[in-house]
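This report concerns only the one structure given below.
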Protein chains: 2
Amino acid sequence: MNEASLKIQAPALKQKPTKAEVTRGRILDAAALVFRQKGYALTRLSDIAKRAKTQTGSIYYHFESREAIVAEVLRIANERTQNHVSDAIASLPADASVHDRIVAAIHGHLKIVLSGDQYTSAHIRIFDQIPDKLRQHFLKVLDESGQIWRLLLEEFKAEGHVRDDIDLSVVRLLLIGMMNWSVEWYRAGRLTPDQIADQVALMFFEGITRKS
Amino acid sequence: MNEASLKIQAPALKQKPTKAEVTRGRILDAAALVFRQKGYALTRLSDIAKRAKTQTGSIYYHFESREAIVAEVLRIANERTQNHVSDAIASLPADASVHDRIVAAIHGHLKIVLSGDQYTSAHIRIFDQIPDKLRQHFLKVLDESGQIWRLLLEEFKAEGHVRDDIDLSVVRLLLIGMMNWSVEWYRAGRLTPDQIADQVALMFFEGITRKS
DNA sequence: GTCTATACATCGATAGAC
DNA sequence: GTCTATCGATGTATAGAC
């Protein structure tokens, strides 16, 4: 997954997507949805075709294989997550503190993960079910996306805000882990993704213990 | 999965397990291992048979179906996790503080999860891949096991140690989530499960921020 | 109890009509 | 571009010998 393949194909210049592009998009949307619901291994091409309102055989005009579909779904999911986090940080004033930028990143990450975005939640759900070769590739992609967290936390530490007994690379993984696992239990209703994000940030920075 | 099927067959009274019981145990161990490695949907009965040094057909003498195998693996996993957490708490002095009991529970949970126990890590890995009916059942089991955490945290709050802006049911799920997700990234080596547990407890209670 | 052989269903992928 | 029909591979479960 190099830089070139990540760029969006200037949609503003293309008022009229071809019929094929529309169908391809419907197939991807359907795939993300079904992957999320049933997991990768249990998803049949016929499930995807049905929801995309096409036929199993037709899918092969748009994709080389079942694996090519899941690869594209994961690529889009990573792109969306990274954009969401970057945008959340970028929307802050230029002089925002590291603390506030990390909080913004937490909100950005949790909002896309819990918003019901099919691609992102499918990614988290199916990641450890995909073929080994694919997982190897996307592990690298994930590690690169993790770089933003690494930099933020190191900056926070460099400013002297981090306890000496905290291992930054462990708590980084714990932080991302508790956010990702939230798709397993979160149901829209009582609390919003922003409120969950507040709880995550509170616990992460201050802990649950009352200061007295 | 009714109550009767959950009872243990008084192993202490039975010095000599039958041949069938030994084989059944080998099949379960093999299943837990392969489930953990390949996930539920990608695990073939032939994979299990091979590792258990038997034949695919022979499995059906010991289990009704593929589903019955995974159900038993999950039952054992839950049993082990719950026992580990209870034991960790029980090993404390009777007058241990709630804080210390929660820390012990965290150590107990993470130790069984990261120890390489095949049943426990298989449980976490395959839970969202199993048939709906099974998942419904084990969701109830999990909720009951979660009760211990609920009680501990409420006791901690009742003693006045919890910040007012903390939502206990959310942070409980976040805590369990970050511990369970750790199987995705933890590799034996640099840090021990106990050291990870220390980091979890630190973050959970105090946060990463230096007090000054 | 454990084996071999096989029935039966399912699914990814391809071929070819339209 | 999308359809229908079908091949070939794979995997659960069963039958029956030993």
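Convention: sequence-line order gives letters A, B, ...; per-chain numbering from 1.
Contact check on B:Glu144 versus B:Lys140 returns no salt bridge, with no Lys/Arg side-chain nitrogen under 4.0 Å from an Asp/Glu carboxylate oxygen.
The interatomic distance linking B:Glu67 (CD) with D:dG11 (C1') rounds to 16 Å, in whole Å. Atom-to-atom, CG of B:Leu45 to C1' of C:dA9 comes out at 15 Å; the value is rounded to the nearest Å. Here C:dG1 presents its P atom at 20 Å from OH of B:Tyr60, a figure rounded to the nearest Å. Residue B:Lys53 contributes atom NZ, which lies 12 Å from atom P of C:dC3 at whole-angstrom precision. Rounded to whole Å, the distance from CD1 on A:Ile48 to C1' on C:dC11 is 12 Å. Per the geometry, CG belonging to A:Asp47 stands 13 Å off P belonging to C:dT10, to the nearest Å. One can place CG of A:Leu42 at 13 Å from C1' of C:dT10, the figure rounded to the nearest angstrom. Residue B:Ile59 contributes atom CD1, which lies 12 Å from atom C1' of C:dT2 at whole-angstrom precision.
Taking only side-chain atoms of A:Tyr61, from C-beta outward, the nucleotide of D:dA13, C:dT4, D:dT2 with the closest atom is D:dT2. Comparing D:dT12, C:dT4, D:dT4 by their closest approach to the side chain of B:Gln55 singles out C:dT4.
Annotation: side chain of B:Trp181 is not in contact with side chain of A:Met179 (no heavy-atom distance under 4.5 Å).
Nucleic acid contact for A:Thr54: sugar-phosphate only, since backbone atoms but no base atoms lie under 4.0 Å from a heavy atom of the residue.
In terms of phosphate contacts, A:Arg66 brings no side-chain nitrogen or oxygen within less than 4.0 Å of OP1 or OP2 of C:dA13. Not one side-chain nitrogen or oxygen of B:Ser46 sits closer than 4.0 Å to the OP1 or OP2 atom of D:dG11.
For the pair A:Ser58 and A:Arg44, nearest-nucleotide mapping onto DNA chain C gives the more 5' position to A:Arg44.
Heavy-atom contacts from other residues, nucleotides or ligands closer than 6.0 Å to CZ of B:Arg51 number 12 or fewer.
The closest side-chain donor-acceptor pair between B:Tyr119 and B:Asn78, if any, does not fall under 3.5 angstrom.
Of the possible donor and acceptor atoms, one in the side chain of B:Arg66 sits under 3.5 Å from a partner among the backbone N and O of B:Thr43.
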